[in-house]
Participant: 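One structure is given below, represented as structure tokens, and several questions about it will come after.
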2 protein chains.
Amino acid sequence: MTQTARGAQRRSVSAQRRVQREEQILEAAMQLFAEHGYSDTDTQLLAEKLQIGKGTIYRYFPSKRALFLAAADRVMRLMRQSIDASIQGITDPFERLGAAIRAFLGFFAEHPEYVELLIQERAQFKDRKKPTYFVHRETNIKRWQELYRSLIEAGRIRNMPVERITDVLGSALYGTMFTNYFLGERPSVEKQANDILDVVFYGILSDAERKKGS
Amino acid sequence: MTQTARGAQRRSVSAQRRVQREEQILEAAMQLFAEHGYSDTDTQLLAEKLQIGKGTIYRYFPSKRALFLAAADRVMRLMRQSIDASIQGITDPFERLGAAIRAFLGFFAEHPEYVELLIQERAQFKDRKKPTYFVHRETNIKRWQELYRSLIEAGRIRNMPVERITDVLGSALYGTMFTNYFLGERPSVEKQANDILDVVFYGILSDAERKKGS
DNA sequence: AAGAGAGGACTGACCAGTCAGTTCTATTCT
DNA sequence: AGAATAGAACTGACTGGTCAGTCCTCTCTT
């Protein structure tokens, strides 16, 4: 084995260990931040929970702030993965949409502490240009708009600006996520998704009233 | 003038002064809390902004926490008033609904700092059973559900559980409020209200697709 | 003069971040 | 193989700064 190869191996081993530790710390930090809020989370407590020295945390993250933001990013990464996995292999566009909505609501229903983290991020770091959630939202939304456009062309959705759909539907989902978290006990994800789809697909007006309007 | 009457007058004068002071403090506190967040707002700074002593603040509010919560309650009171005023005198149910939606979005568009306060409340006082917003929401929602019920009976809205309407529409509004605040520059209140109403009234499906579904 | 109201210096608790010293790990030497 | 060594990783007591809430003093009102 050459010197460089040996060196690389050593680095990669320790790099792997480093990533593991980072994950450990992020996981525990996330729980504490969600439970106590950013300000009321003492890094000393985090160290004790992890059974490591406080200084060690600072070897992996330069500041409490950076640690928190890394935890928030991690949540968004997990969300994205969860939704992507759920629509994997579904071809019918409306079914894809339904699956994505259920995955979104389900993800945050299963992990209410992630919602708390999003709130904390926004409350503590107003200066950051854009909340993590919206950075992720933007890229995702493009894909959905393409879907809507093709459905309009296929005559399955009536002709309207696709932004209108993503704005209204996106807000409804975002609002539902928060409402669920704040109010605790809520209808099942399945029911909520169906309710949203029913209203957004069919509207609330009666047939008679529809004719009047248009 | 009797003794008791004089006494009552004196008390009412000083009580009036007290209320004025409270309002002054709340107004300034709200701005600071919204600007810096709860933890990063120093009561010393608040005192300086008001040109009063720090101790005086504590004569009116027993703690920083109580001060903040009073400010949050005040915002909700203002919101309620603003919406009530906007639907005053409108009789057509659909127009009432439209006016309320515009008033809701307009209120928070004009006062983004109020949104910040709602976020701060939730971030800092997770222990409070229910965020102020939802306490107010609950009472309001009842009134809207009655409206929907009568519209269903009149055959203007198709037959469906009224909770479905309030849940979806409420979430969409709540989500829109936050999205607007987080993303800054956004479409006008008028346009957003119209978009929401269009989707919620008519749905997004084409006529052909609607027939397939039902 | 008496009492309420206002002021702001002060105190004590708290906690992020540091750093000098210790332990662990893996490589080289014998 | 086992010892020796280098340096990376870890530790936790400590520091400096912050800030909510107090309390004694001064002022204004009646």
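By convention in this document, chain letters (A, B, ...) are assigned in the order of the sequence lines, proteins followed by strands, and residues within each chain are numbered from 1.
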Participant: Report the distance from atom CG of B:Asp40 to atom P of C:dA16, rounded to the nearest whole Å.
Facilitator: 13 Å
Participant: Between the side-chain atoms of A:Lys64 and the base atoms of C:dG17, is any donor-acceptor pair under 3.5 Å?
Facilitator: no
Participant: May I have the distance from B:Asp42 (atom CG) to C:dG8 (atom P), rounded to whole angstrom?
Facilitator: 15 Å
Participant: Distance-only, no hydrogens or angles: does the B:Tyr60 side chain make a donor-acceptor pair with backbone N or O of B:Glu23 under 3.5 Å?
Facilitator: no
Participant: For A:Glu48, answer base if it contacts any base atom (sugar-phosphate contacts may also be present), sugar-phosphate if it contacts only those atoms, and nothing otherwise; contact means non-hydrogen atoms under 4.0 Å.
Facilitator: nothing
Participant: Between the side chains of B:Gln31 and B:Glu35, does any donor sit under 3.5 Å from an acceptor?
Facilitator: no
Participant: For B:Leu46 and D:dC19, what is the distance between atoms CG and P respectively, to the nearest whole Å?
Facilitator: 14 Å
Participant: Nearest-Å distance, CG (B:Leu45) to P (D:dT18)?
Facilitator: 13 Å
Participant: I need the CD1-C1' distance between A:Ile52 and C:dT22, as an integer number of Å.
Facilitator: 16 Å
Participant: Over how many whole Å does the gap from A:Tyr58 atom OH to D:dT15 atom C1' extend?
Facilitator: 14 Å
Participant: What does A:Phe61 touch in the nucleic acid at a heavy-atom separation under 4.0 angstrom: a base, only the sugar-phosphate, or nothing?
Facilitator: nothing
Participant: Touch check for B:Arg21, heavy atoms < 4.0 angstrom, all strands: base, sugar-phosphate only, or nothing?
Facilitator: sugar-phosphate
Participant: Report the distance from atom CG of B:Leu69 to atom CG of B:Asp73, rounding to the nearest 0.5 Å.
Facilitator: 7.0 Å
Participant: With nearest nucleotides of DNA chain D determined for A:Gln44 and A:Tyr60 from heavy-atom distances, which residue corresponds to the more 5′ nucleotide?
Facilitator: A:Tyr60
Participant: Would you compute the distance between atom OG1 of A:Thr179 and atom CZ of B:Phe134 and round it to the nearest 0.5 angstrom?
Facilitator: 4.0 Å
Participant: Record whether the side chain of A:Lys54 comes under 3.5 Å of the base of C:dA16 through a donor-acceptor pair of N or O atoms.
Facilitator: yes
Participant: In whole angstroms, how far is the C1' atom of D:dC24 from the CZ atom of B:Arg59?
Facilitator: 14 Å
